Novice: 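Mind looking over this structure? Questions follow.
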Amino acid sequence: MILPKYSEFCGRVKTLSGASALEAIPGELKKMNSKKALIITDKGVESAGLIKIVKEAISKKGSKLTVGAIYDETPPDSDYKVVNSVASIYRNKNCDSIIAVGGGSVLDTAKGVNILVSLGGDNVLAYSGAGAVKQRLKPLVAVPTTAGTGSEMTLVAVIADHDRHIKMTFVSYFLLPDIAVLDPRMTKTLPASITAFTGMDAMTHAIEAYFCLGKNPMSDTTAFKAIQLVSKNILNAVKNPGDMESRLAMANAAALAGIAFSNSMVGLVHNLGHATGAVCHVPHGVCMSIYLPYGMEYNLHKVGDLIGELLYPLAGPEIFAKTPKKQRPRATIDYVRGLNEELKKATGGRHATALKDILDREGKQMVPRDAIPVIAKNAMGDGAKTYNPEEQSFDDNIMVIEAAWEGKPLDLKKIKKGPKNQKF
Amino acid sequence: MNIDKYPELKPGKKYIKRYYVAIMLWIVGRAIQAACRLDKEVIKEFSELPEKFTFSLGVLPDGPFMIIGKDDKGRAKYMGWNKGRTRFPLEMNIKSLEAAIKVFTFQEGTATAFARERFIVDGDLGYALAVVRVLNIIEVYLLPKIITKLAVKRYPRWSEFSPLRKWVNRILIYIRAFTF
Amino acid sequence: MQKKAFYSFFNQSKYLAGARALEHIPIELHSYDAVRPLVIATKDVTASGFKKIFVKAFYDSDVTIGGFYDNVGGTAAISTIKELRILFHDRGCDSIIALGRGPAMDTAKGLNMLVSLGVDDIFTLEGEDTISTPLKPFFTVPTAGSCGYDMSNMAVIEHHRFKSDFLFPDVVCLDPRMTGIKDIGRAVESAMVALTHAMEASDSTMHNPMNDAYSLAAIQFIHENLPRALKCPRNREAALALAYANALAAVAFSNAPAGAAHILGEALNKLTGNDPGVCMAILLPHATEFMVGKDILMRDELLLAQAGMDAHASTPEKDRIKESENQLKKLMASAIKYVPANLKSLRIPPYLIEQAAREAEASGSHGLTFKDYMTILNNAGKAPAVR
Ligand SMILES: [Fe+2]
């Protein structure tokens with residue numbers, strides 16, 4: 001195991017996992033002296049019937065927990081005004097904890113609300129920046145409804161100020177949820193294509209965590225486990241959506257990958273993915289599954305050994321043993337491409353494997369060819385590139401995005417290679 | 001228990017290391033100012049930053065710092081080391097003096113230092129990345145290749161292919177950084 | 001993964017590991033709004049020069065050490081804890097840092113309960129989950145050699161046991177200047193406790209992927225680095241890795257029921273005064289063998305942690321558990337100078353052995369009976385002296 005010269009690790013979230021994990025929430029909140037929870041969610045989650053399940057689960061016999069209010073109008077892009085107004089709901093209803101049911105935006109909103117109701121004030125933006133929150137906040141329970149983002153394990157909240165067109169970042173260990181609830185009932189009704197690309201988002205978190213610059217012993221073991229779980233379960237979860245065991249395994253994988261990447265950070269795949277999402281509004285996971293093989297190819301000359309090791313959790317010990325060491329890095333990349341192809345088949349072609357094939361609901365192409373330079377430029381301002389083993393210039397970005405647009409493997413000869421002296 | 005046996009210990013100071021880092025920050029600050037008048041890439045990076053942009057780079061908890069701002073013509077201007085209580089749109093801080101020593105003795109390049117969580121960045125990350133790119137270019141100018149090569153992910157080709165640009169600029173940056 | 005079973009997992013600690021980790025403490029304290037820690041250290045700390053390094057790490061920061069108490073002996077004592085409360089309040093401290101070996105950590109945990117919860121008698125908090133509010137920021141800086149509890153969610157103070165998630169350290173700082181091995185015997189003993197905790201936490205009936213990430217990492221660290229440390233105790237990297245393994249194993253142990261080797265080892269330690277690490281090391285292979293027979297211990301994946309990907313993948317599936325046992329025995333054999341191969345060499349009278357089995361049955365693990373424990377003890381008793 002590689003022990004870096006210096007590293008930090010923190011996974012300070014209590015995990016409750018299982019087919020009836022939701023039912024354990026009241027007991028855990030009781031330990032933290034909480035009696036009345038505010039549920040924060042969005043319309044999509046509510047209309048999928050998930051809030052009903054949560055409400056029933058937390059008011060089972062013996063539970064002393066009541067629901068103070070349900071806020072289900074969280075916008076897809078968390079907004080500080082929403083945060084401020086939800087905080088007043090919390091105060092008016094005398095709640096003493098928050099349960100966030102949903103994806104990234106719901107959780108970001110909940111984190112913002114928690115800052116306000118715990119520390120006082122009426123504008124959350126006063127607490128933005130790194131390390132501005134220095135105290136324990138009220139109990140926050142995160143119930144993810146997709147298995148992928150891993151946001152239940154992250155210490156960051158991004159809240160937009162739509163008037164000024166900026167996104168404010170909040171970073172503090174006190175923003176980590178106290179509890180993450182991994183319950184397969186929350187992901188059971190996810191459509192196949194969403195299961196596929198969110199699962200590949202988790203896979204990307206784990207794979208990038210394993211070879212990017214911030215890797216450390218615990219991010220390695222959590223990433224390793226996550227890759228194993230995704231690889232074993234993703235196809236089954238897509239093909240048999242009701243298979244609760246696969247659903248639970250995927251939820252676990254996403255949480256593990258979340259721990260891995262929030263401690264090790266991610267690289268080129270997320271860098272270009274964020275930019276593509278920002279420019280063309282492509283869902284995050286879709287970008288991840290497309291760019292993932294390119295991220296590995298691009299860094300092959302620097303961290304090929306590490307990429308070769310990934311064949312083990314991906315393909316299992318038998319294939320790993322049969323593949324000679326020198327061929328393992330290539331085999332890992334081919335395996336991921338193969339997995340993408342199978343997911344494409346299993347979703348009736350909806351799981352795109354090239355940028356040019358991504359279609360929106362009306363069947364229109366989402367990433368036009370002339371967007372490539374805009375994406376490449378946008379990526380220069382995205383933090384993930386810091387942790388990518390190889391340098392990324394604007395021209396490098398163009399080369400990678402063009403290949404991903406066509407869906408053709410990278411020409412390894414064209415990659416500008418820095419020396420292979422990777423120190424961790 | 002006689003509690004006087006266990007007195008309070010006020011933090012001391014490591015003067016030499018502090019001065020070393022202060023001097024390095026001064027040099028880097030002056031060099032950025034000089035490079036912003038000579039190097040195409042540095043000029044471009046700065047032109048893309050917002051007007052009146054200022055940032056600080058320093059060591060927690062109380063310095064030394066260096067402050068760089070954009071002047072009226074959009075060029076970088078070294079604005080001294082005294083941060084006081086002012087808050088800047090972008091603050092890049094190294095977590096401790098010893099970590100700063102690692103960075104400024106070039107044992108840890110910027111990317112490695114970020115990966116090892118030596119930095120805390122407060123402000124827009126996009127701007128921070130622009131600053132990191134500028135710092136990497138400055139490093140190429142100020143230091144011999146043998147040291148820089150260890151600190152950056154990929155030694156820029158332009159500096160290998162156009163010795164003229166590198167050497168002319170290098171000399172000019174040296175002169176302008178050290179003269180007033 | 002465990003089918004459908006429910007699990008919960010928690011670890012509070014943040015790890016700072018590696019070069020100049022100590023110098024990162026002020027900034028971590030800062031994130032808790034703390035500027036005046038009380039430092040509690042074991043006696044050996046000042047003599048070995050650790051104090052000097054530690055104090056220097058706070059130079060050029062805004063943190064004042066409220067007091068540096070370096071007089072914790074072999075165990076945590078309530079009288080000391082009560083006196084430290086006076087020191088803590090007198091100096092207006094807002095946080096606690098424990099430095100050195102286990103007793104310093106336990107003392108610090110006791111003090112933290114006292115000053116944070118406003119109780120007069122911490123023994124009223126004995127047992128599990130009796131605390132429901134967070135305590136003051138609590139950091140630990142372990143030196144080589146851990147008792148297995150120091151970085152867990154437990155504290156042992158004068159034979160009273162406390163277990164609560166609020167007892168986890170907030171920050172564990174592993175600095176190679178502190179974790180260097182001074183006494184290789186001690187280091188082996190604590191590695192054995194860690195190995196026992198990690199192995200028994202990842203047994204085949206209770207394991208979950210979160211806890212696995214910790215226990216398997218600890219096992220891998222120990223298998224890779226104990227032989228290196230034995231060969232050269234001054235190898236700083238190996239020593240740091242072993243300290244990291246201790247910390248990770250403590251988390252695995254906090255999140256799983258205690259296993260047979262741990263319970264018996266503790267009982268023997270209490271009854272005979274032999275080092276718990278030595279007892280657990282002797283017992284672990286036999287407890288493992290017994291549990292394998294019951295289909296409880298040892299999973300395919302252990303071998304992966306012990307021997308690495310290539311060895312695991314090239315061993316046929318059906319042989320992996322056997323090979324895993326061999327790996328364990330091999331590791332024990334490499335440390336034979338510090339941990340004997342059988343219980344006989346500890347010269348424990350038979351009545352105490354029986355007593356230990358009875359006590360183990362009372363604390364209960366996997367529903368093992370007195371007879372089961374006796375089988376393990378007897379096997380460990382008459383094992384050949386050479387491995
Ligand atoms: Fe992602």
Side-chain angles (χ1 to χ4, degrees), chain B residues 1-25 57-65 81 83-85 87 91-109 112-122 150, chain C residues 14-31 35-41 45-46 51-72 77 79-93 97 107 173 175 177:
Chain B
M1 180 168 66
N2 174 12
I3 62 170
D4 295 335
K5 258 177 77 189
Y6 309 104
E8 177 177 288
L9 302 166
K10 285 225 154 55
K13 292 229 181 290
K14 297 174 177 169
Y15 289 103
I16 295 174
K17 286 182 175 167
R18 233 180 131 81
Y19 286 134
Y20 175 79
V21 173
I23 291 166
M24 290 306 284
L25 281 169
L57 170 69
V59 185
L60 289 175
D62 57 6
F65 295 100
W81 51 271
K83 186 165 166 290
R85 294 203 155 269
R87 300 268 292 165
E91 298 189 356
M92 296 170 65
N93 290 315
I94 303 177
K95 286 182 180 172
S96 75
L97 185 64
E98 287 297 337
I101 286 289
K102 289 229 179 268
V103 174
F104 287 108
T105 52
F106 313 103
Q107 297 172 55
E108 289 181 4
T112 316
F114 266 94
R116 292 184 187 159
E117 311 197 38
R118 306 287 196 193
F119 275 92
I120 296 180
V121 175
D122 207 345
L150 297 173
Chain C
K14 175 179 181 180
Y15 303 94
L16 319 175
R20 301 287 168 186
L22 281 175
E23 276 82 354
H24 283 246
I25 291 180
I27 203 81
E28 293 293 332
L29 283 171
H30 211 78
S31 72
V35 287
R36 287 177 79 84
L38 178 67
V39 180
I40 299 170
V45 154
T46 306
K51 179 178 176 180
K52 225 171 130 190
I53 301 169
F54 182 88
V55 171
K56 253 196 150 162
F58 288 78
Y59 278 25
D60 291 285
S61 77
D62 49 3
V63 172
T64 299
I65 296 173
F68 194 109
Y69 180 83
D70 52 359
N71 205 17
V72 177
S79 55
T80 314
I81 293 173
K82 287 196 166 154
E83 286 184 333
L84 283 169
R85 172 164 63 171
I86 300 170
L87 188 58
F88 187 92
H89 289 311
D90 186 72
R91 300 284 161 75
C93 293
I97 303 177
T107 306
C173 175
D175 190 301
R177 289 167 292 175

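Reckoned from all heavy atoms, side chains included, excluding hydrogens, waters and symmetry mates. Here is the naming used below: chain letters follow the sequence lines, and residue numbers restart at 1 for every chain. Everything numeric here is computed off the predicted structure, so don't read it as measured data.
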Novice: How long is the straight-line distance from CD of Glu8(B) back to CZ of Arg36(C), given to the nearest 0.5 Å?
Specialist: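 So the CZ of Arg36(C) and the CD of Glu8(B) are separated by 4.0 Å.
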Novice: Is it the backbone or the side chain of Val55(C) that comes under 4.5 Å from a heavy atom of chain B, or both, or neither?
Specialist: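 Contact with chain B is through the side chain of Val55(C) alone.
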Novice: Of all of Arg18(B), Lys5(B), Lys17(B), which one pairs up most often with chain C through heavy atoms under 4.5 Å apart?
Specialist: Arg18(B)
Novice: Could you report the tightest heavy-atom contact between Ser96(B) and Glu23(C), atom names first, then the distance?
Specialist: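 Answer, listing the atom of Ser96(B) first, then Glu23(C): CB-O, 3.4 Å.
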Novice: Taking C-beta and beyond as the side chain, do Val39(C) and Leu9(B) meet within less than 4.5 Å on heavy atoms?
Specialist: no
Novice: Any idea which heavy atoms bring Thr64(C) and Pro11(B) closest together, and the distance?
Specialist: OG1-CD, 3.7 Å
Novice: In terms of heavy-atom proximity below 4.5 Å to chain B, should Ile65(C) be classed as side chain, backbone, both, or neither?
Specialist: both
Novice: What part of Ile101(B) gets closer than 4.5 Å to chain C, counting heavy atoms only: side chain, backbone, both or neither?
Specialist: neither
Novice: What's the separation between atom CD1 in Ile27(C) and atom CG in Asn93(B), rounded to the nearest 0.5 Å?
Specialist: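 Rounded to the nearest 0.5 Å, the CD1-CG separation comes to 7.5 Å.
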Novice: Shorter than 4.5 Å, heavy atoms on both sides: which option in Asp60(C), Asp90(C), Asn71(C) has the most such pairs with chain B?
Specialist: Asp60(C)
Novice: If you take all heavy atoms of Lys13(B) and Tyr59(C), which pair is closest and at what distance?
Specialist: N-CD2, 3.7 Å
Novice: Going by heavy atoms in the side chains, are Arg20(C) and Arg118(B) under 4.5 Å from each other?
Specialist: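 Counting from C-beta outward, Arg20(C) and Arg118(B) do come under 4.5 Å.
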Novice: Please give me the minimum heavy-atom distance between Lys95(B) and Glu28(C), naming the atom from each residue.
Specialist: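 Lys95(B) and Glu28(C) have their closest heavy atoms at NZ-OE2, 4.5 Å.
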Novice: Counting only heavy atoms from other residues, nucleotides and ligands, does the tally under 6.0 Å from OH of Tyr19(B) exceed 12?
Specialist: no
Novice: So with a 6.0 Å cut-off around NZ of Lys51(C), is the heavy-atom count from everything else above 12?
Specialist: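 Enclosed: over 12 neighbouring heavy atoms sit under 6.0 Å from NZ of Lys51(C).
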